[in-house]
Amino acid sequence: MRKPALNDEILLTIEKPARYIGNEINSVMKDPAKVDIRFAMCFPDVYEIGMSHLGIQILYDMFNRRDDVWCERVFSPWTDLDQIMREKKIPLFALESQEPLRKFDFLGITLQYEMCYTNILQILELSEIPLLSRDRTEEDPIVIGGGPCTYNPEPIAEFFDFFYIGEGETQYDAIFELYKENRKNGKSRRDFLMKVCQVPGIYVPSFYDTVYHEDGTIQSFTPNIPEAPKCIEKQVVMSLTDAPYPTAPVVPFIKVTQDRVVLEIQRGCIRGCRFCQAGMLYRPLREKDVEVLKDYAEKMLKNTGHEEISLSSLSSSDYSALKEIVTFLVDEFHGKGVNISLPSLRIDAFALDVMSKVQDIKKSSLTFAPEAGSQRMRDVINKGLTEDMILHGAGMAFQGGWNKVKLYFMLGLPGETEEDIKEIAVLSDKIARHYYELIPKEARNGKVQITSSTSFFIPKPFTPFQWAPMNTREDFQNKAHLLNDTFKEQLNRKSLKYNWHEADLSELEGVFARGDRKCAKVLLNAYKKGCLFDSWSEFFQYQKWLEAFREEGVSIDFYNTRERSEDEVFPWDFIDIGVTKSFLRREWQNAKTESVTPNCREKCSGCGASNFKGGVCFETKN
Amino acid sequence: MKLRIKFRKYGVMKFIGHLDMMRYFQKVMRRADIDIAYSGGFSPHQIMSFASPLGVGLMSNGEYLDIEVHSWTSSDQMLFYMNQVMAEGVEILAVRKLPDNAKNAMSSVAFADYTIQFREGYEPSFSLSEILTEFLLQPQILIEKQTKKSSRQVDLKPLIQKLLLTKDGGVFMRVSAGSVENIKPELVMDAVYHFAGEERGEFALEITREDLYDENGWSLIDVGEEF
Ligand code: SF4
């Protein structure tokens, strides 16, 4: 048996030692002497979050199918262990071999949200890898970044040797071959980076220079070696059906956030909501064949022993074989000790039928995400959900016995007025009224319970709102209070519940979402002050972040509240996601004129993603 | 039909707590295709119960769980299939059929055997053999036992059946266990250290539960039979 990197004394002192011992079912052990490449796959958050992420499981499985690669996992040590490792100078290790990361060839870090950035620095520091790419030597692993945040990698560019931009399934074989070849020929780290920067989708930040205008905006962004391409193309898997998928994912011992089999049914989205980054990044929509999914469901349940299965995608109701896959899961597994966890579905007769089969109607709730309260605002954001649709769907569900509704909205959308905000409460109240009108007293199963939650809108790169100003923290708070007061004025206020959260985090997320290379020093500064696990409210230290901004002379407003001009060069402009900047600009104009753009299946709007030659763009439309 | 399963837990699995072991075994049943019975309702759960929770950090050569199944093959086959899908550090030792009138594992437990090793650097400075002999000669061994809310005085003496030095310098004990009076081995060792006038280091002991017995002194596995 392997010897744990941490001794009994430490493992018995810290919370949840199972986070650090590996040994889980379906984790992969290999003989280090028999592999050429050691790869550490990192999710820079605590084990329970990282292990719930599908992307890591896909790449882990894919890499380990190669005999010459051993891919292992590593997550952020929780604060209790973090402290012990620093005191006792224990280097960070991978879960499988329990060996220090600094011995590895690659450290791949997946970047799922901006607020994990300080954790990247923690991982590097605990691994004893220099924080800045330029300080690393031949002995250090190559540090790779991947995942959605790489669509604007600039705030963290200095910490990575390269970024992989796009879906991981396409280029890693080429990267591994180049690496082996480079080593065989006795070439250096820089030689390898010069080779790898020519692989489609690979961005090596040290090969590019940014020049700024006096006002802080970007004047030019250019390669500083001839090998580096001017533009980096997003990588996409065109046949999702044939793409590798883990039929035996790792099964954690402890309860994690997503403790179930996850079937990815499609990638991308046809909807084109103007605030949604994922909806643009993953265009075009590509579906996975339903027969393959059925086969995977069976294998994955058998190989893991999980008691629950769920579907993963954006806007699941748009999957063309949704009825078939859901019916299959219910018929095949329901009642055999397997729970079917449904994605949020458009409420119709079919949805209510399956929901009533797999959920307890008394306990479960309906979910709607209108995102904005007024129809005007929903047209601005291109959310094709109308009040009629919501009232009709809710009405059907009320008649079916449901009486709990969850509503999701955003505050701070571009052009939002006080009226738009108040409409959120008004719409919530209308749904409650509808219940009391529709369901006679004697048929009611108690009060209707409407829970409305708001999040704060943060403009993201590669969306039509990338030009939009973001609200300040004070704006957000005032809006939440205004809305809260409006809720209290509603007729059915006793049936309505309103939730919102603090705006501090949103402010920072805004900066790092649309930031440039100048933000790196703020991040370093905040980390040195002790900021870590910022996405955990109990650890988030807003004041320290403000100090870091002040000390580094970086203005939050420059990144957040300024409206960008239409011809401004963005830090992320060198990335080609398929969707063109001219399409996004057109959509920004459409938002301003409150014009709705049809979804990909109604009518193609020529966004540019058809360049990838597949998916929804080439479906026969009838 | 009711089956009793005996398993061993060692290595890094000692860091997996009781609740997680329960979840682990639920998944084992599904991976090994055991035709286990489920309760009704919207979230059916497997009919499965454990004899006695084992603390985090302890190893065991005698852990038990009872399950109810609709169909079965043979002891050997079921043992084989379960061991095929085990994590390193858990091993099924036996699968037996329980008589219809058998009490469940949890309410059967009356005694437990433990062996204790001292971690490197934590060996006691007193002579263990002398101290153990004198310790057991006391007419009464009064200790404070902490319960959830308060603490009460307990006489350990009648609750310790055996307490011996092992050949390799460790300690073996058989003590009362189960629902009536559950004595943790750490508690006995604390009393021994206290008697010797020393403090036990928090991480001094490496404890292995060896087996569990019913009130007649039968190992819990002996209640069932091979099939
Ligand atoms: S090219 Fe047309 S169909 Fe294809 S993703 Fe863009 S808008 Fe949709």
Side-chain angles (χ1 to χ4, degrees), chain A residues 1-27 29 95 98 248 250-256 259-261 299-309 333-341 356-364, chain B residues 9-48 55-59 70 81-82 84-91 117-122 186 201-207:
Chain A
M1 207 174 207
R2 308 154 310 144
K3 195 172 154 7
L6 305 170
N7 64 29
D8 280 15
E9 216 166 302
I10 296 175
L11 285 166
L12 291 173
T13 311
I14 56 179
E15 229 178 275
K16 300 195 188 172
R19 287 167 173 165
Y20 312 104
I21 57 175
N23 196 45
E24 304 97 320
I25 295 294
N26 299 329
S27 58
M29 292 300 292
L95 295 187
Q98 298 276 310
V250 179
V251 185
F253 290 119
I254 50 175
K255 228 175 158 28
V256 300
D259 217 359
R260 54 183 80 98
V261 165
K299 288 191 175 131
M300 291 174 80
L301 283 167
K302 169 84 177 97
N303 290 338
T304 58
H306 279 313
E307 49 276 299
E308 190 164 313
I309 185 164
F333 305 114
H334 183 60
K336 296 185 188 156
V338 177
N339 300 327
I340 319 288
S341 142
S356 67
K357 280 186 187 145
V358 303
Q359 301 169 348
D360 187 343
I361 296 180
K362 287 202 186 67
K363 286 189 192 140
S364 64
Chain B
K9 188 181 176 193
Y10 61 98
V12 293
M13 291 304 286
K14 73 179 173 203
F15 298 109
I16 308 300
H18 180 63
L19 289 177
D20 292 326
M21 281 309 283
M22 289 168 61
R23 288 169 8 91
Y24 169 80
F25 269 102
Q26 288 159 8
K27 291 181 204 280
V28 166
M29 296 301 144
R30 276 187 283 263
R31 286 198 298 272
D33 273 329
I34 305 293
D35 189 10
I36 192 165
Y38 284 86
S39 71
F42 258 101
S43 41
H45 54 265
Q46 299 179 352
I47 314 248
M48 171 188 284
V56 174
L58 273 65
M59 293 177 284
H70 291 306
Y81 283 120
M82 281 192 264
Q84 289 283 82
V85 298
M86 278 299 135
E88 192 182 351
V90 192
E91 187 194 350
Q117 298 293 327
F118 299 93
R119 284 207 171 85
E120 235 181 271
Y122 285 107
E186 296 94 324
E202 197 187 342
F203 300 102
L205 308 178
E206 204 164 42
I207 304 172

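Given the structure is predicted, the values throughout are model-derived calculations rather than measurements. Letters go in sequence order (proteins before strands), and every chain restarts at 1.
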Salt bridge check, A:Asp8 against B:Lys14: does any charged N sit closer than 4.0 Å to a carboxylate O?
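Here B:Lys14 pairs with A:Asp8 in a salt bridge, since their nearest N and O are under 4.0 Å apart.
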
Note: B:Lys27-A:Glu307 ion pair, threshold 4.0 Å (strictly below):
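A:Glu307 and B:Lys27: salt-bridged.
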
Does any heavy atom of chain B fall under 4.5 Å from the side chain of [X], the backbone, both, or neither of them?
{"X": "A:Lys362", "answer": "neither"}
{"X": "A:Ser27", "answer": "neither"}
{"X": "A:Val251", "answer": "side chain"}

Check this for me: B:Tyr81, atom OH, are more than 12 non-hydrogen atoms of other residues, nucleotides or ligands nearer than 6.0 Å?
no

Spatial distance of atom CZ (B:Arg23) from atom NE2 (A:His306) [nearest 0.5 Å]
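Nearest 0.5 Å value for the CZ-NE2 distance: 8.5 Å.
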
Interatomic spacing from CG in A:Leu6 to CZ in B:Phe15 - rounded to 0.5 Å
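Between atom CG of A:Leu6 and atom CZ of B:Phe15 there are 9.0 Å.
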
Within the side chain of A:Asn23, is there an N or O that forms a donor-acceptor pair under 3.5 Å with the backbone of B:Val12?
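Answer holds: no.
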
Donor-acceptor side-chain pairing of B:Tyr24 and A:Glu24 below 3.5 angstrom
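The criterion, which ignores hydrogens and geometry beyond distance, is not satisfied for A:Glu24 and B:Tyr24.
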
[Y] and [X], any side-chain heavy atoms less than 4.5 Å apart:
{"X": "A:Ile21", "Y": "B:Met13", "result": "no"}
{"X": "B:Val85", "Y": "A:Ile25", "result": "no"}
{"X": "A:Lys255", "Y": "B:Leu19", "result": "no"}

If I measure from the heavy atoms of chain A, does B:Met21 come under 4.5 Å with its side chain, its backbone, both, or neither?
neither

Contact leader toward chain B among A:Lys302, A:Lys16, A:Glu9, where contacts are heavy-atom pairs under 4.5 Å:
A:Glu9

